[in-house]
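Reviewing the structure listed below.
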Amino acid sequence: EIMELTDLVEIEMQDTLMQEALHSHLMWLISHPTDTERIKQLFSYTYPFDGTAHIKMKVSVSELKEEHMNDAVEESEMLFAPEEIVPYVPRFISKKEDISAVARGTVYHKLMEIMDYQLSVDEMLLIPEYQELLKVVRVNDLQNFKQSRLAKRMEQAAANKQLYREQPFVLGLPANTVYPEASDQETILIQGIIDAYFIEQENVIVVDYKTDRVTSEAELILRYQTQLDHYATALCQLTGLKVSEKIIYSFALHKEIVLL
């Protein structure tokens, strides 16, 4: 389930109360040293999920994606470079520096976050807000995106005020849905930020932009299927609507990829 802020606060409070109760109990035992039976019970207690104590109870979607990628590599003996995660390029970076290696991926995402769909690429090139970003982004990549069917649908959604970008979420799932060896009585928190989603005819379409240097759709599906599945689960619970499409837009391939 989607975790509200109040739920997270309640979990923290429960942990604090549990620690206080344990401390109070220990203090009682110290003041009653003759009660050997209660001391035995305390120190012989076995945590029922001890075999999964190594599992993190809060992870990011990116961490889960990397774990999934590692599993897939072991199974298929494929190796490929992960997507570049780089900081935004400030104005003062030298033009001589290799910007593509430093910041390209992050700048693409920033541009997609703020882009006005009613503007043409030529119009964007004249606006200071976009000019710095478009020094890094390949203009041809943006033009190809703007001509895509996905961009037309997102433009219509924006006009209907049904386009949402950079949506953060925290999702609570039974731990065994992420780690098969874990118990379904434990809850794991998954956090992330969804690049974009829009609502079309009472259905949700989730969109994830990728700048990975790939040569086939299969590579992106292998890397990101699990990530998009979690996004879909989060949006179903967040909106109460069905997620009808999970789409990756690849700037390297200049195309949208619909996942099952």
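- Once rounded to the nearest 0.5 Å, the distance linking CD1 of I114 with CG of L133 reads 5.0 Å.
- When the shell of 6.0 Å around CG of L126 is examined, it contains more than 12 heavy atoms from other residues, nucleotides or ligands.
- Linking Ile, Leu, Val, Met, Phe, Trp and Tyr residues whenever their side-chain heavy atoms come within less than 4.5 Å leaves V243 and I193 in two separate clusters.
- No hydrogens or angles considered: nothing links the side chains of Q237 and T233 as a donor-acceptor pair under 3.5 Å.
- Annotation: the span from I127 atom CD1 to D122 atom CG amounts to 11.0 Å, rounded to 0.5 Å.
- Comment: R153 engages E245 in a salt bridge, judged by a side-chain N to carboxylate O separation of less than 4.0 angstrom.
- The two atoms that bring P168 and E166 nearest to each other are CD-O, 3.2 Å, heavy atoms only.
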Next item on the list: Tell me, with the steps shown, if N140 and H254 meet side chain to side chain contact (heavy atoms under 4.5 Å, CB included).
Entry: CA-CA 10 Å; N140 183 55; H254 296 153; 3.9 Å; yes
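- A donor-acceptor pair under 3.5 Å links the side-chain atoms of K146 to the main chain of Y117, judged by distance alone.
- A 4.5 Å side-chain heavy-atom check between E200 and N160 finds every atom pair outside the cut-off.
- Here Y197 and Y164 bring their ring centres to under 6.0 angstrom of each other.
- Taking 4.5 Å as the limit, every side-chain heavy atom of F169 sits out of range of all side-chain heavy atoms of Q191.
- Put simply, the side chain of L173 does not reach to within 4.5 Å of the side chain of T187, judged on heavy atoms.
- In this structure, CD in Q147 is found 10.0 Å from CG in L142, a value given to the nearest 0.5 Å.
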Next item on the list: Starting from the C-alpha separation in whole Å, work towards a yes-or-no answer on side chain to side chain contact (heavy atoms under 4.5 Å, CB included) for I190 and V170.
Entry: CA-CA 6 Å; I190 300 172; V170 178; over 6 Å; no
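- Side-chain contact check for L241 versus N203: every heavy-atom pair is 4.5 Å or farther apart.
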Checklist line | Residue pair K255, E217: steps toward the salt bridge (Lys or Arg N to Asp or Glu O under 4.0 Å) verdict | finding: CA-CA 9 Å; K255 66 188 302 185; E217 297 180 18; 2.5 Å; yes
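- Side-chain contact between Q118 and E123 is absent, with no heavy-atom pair separated by less than 4.5 Å.
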Next item on the list: Please test E186 against N176 for side chain to side chain contact (heavy atoms under 4.5 Å, CB included), starting from the C-alpha separation and ending with a verdict.
Entry: CA-CA 8 Å; E186 296 274 28; N176 65 344; over 6 Å; no
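- The two residues I257 and S250 make their nearest non-hydrogen contact at CD1-CB, 4.4 Å.
- Side-chain atoms of Q225 come within 3.5 Å of backbone atoms of L260 as a donor-acceptor pair (strictly under, hydrogens ignored).
- Between M154 and A196, the shortest heavy-atom distance links the atoms CE-CB, 3.9 Å.
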Note to self: One pair to check against side chain to side chain contact (heavy atoms under 4.5 Å, CB included): L228 and V206. What are the steps and the verdict?
What the structure shows: CA-CA 8 Å; L228 271 291; V206 58; 4.0 Å; yes
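- Under a cutoff of 6.0 Å and an axis angle of 45°, K210 and Y224 form a cation-pi pair.
- Side-chain contact between K246 and I205: absent, with no pair of heavy atoms (C-beta onward) separated by less than 4.5 Å.
- Annotation: the span from E256 atom CD to D208 atom CG amounts to 13.5 Å, rounded to 0.5 Å.
- Here N144 contributes atom CG and R138 contributes atom CZ; the two are 11.5 Å apart, rounded to the nearest 0.5 Å.
- The closest donor-acceptor contact from the side chain of E219 to the backbone of T215 lies under 3.5 Å.
- At a threshold of 4.5 Å between non-hydrogen side-chain atoms, the residues V214 and L253 count as touching.
- Relative ring orientation between F145 and Y249 is described as perpendicular, the plane-to-plane angle rising above 60° on a 0-90° scale split at 30° and 60°.
- Residues E113 and K110 form a side-chain contact, since some pair of their non-hydrogen atoms from C-beta on lies under 4.5 Å apart.
- We find the CZ-OG1 distance between F251 and T211 to be 8.0 Å, quoted to the nearest 0.5 Å.
- Minimum interatomic distance between L125 and Q131 (heavy atoms only, all atoms of both residues): O-NE2, 3.1 Å.
- A salt bridge does not link D195 with R165: every distance from a Lys NZ or Arg NE/NH1/NH2 to an Asp or Glu carboxylate oxygen is 4.0 Å or more.
- Although no hydrogens or angles enter the test, the distance criterion places no donor-acceptor pair under 3.5 Å between the side chain of R213 and the main chain of A252.
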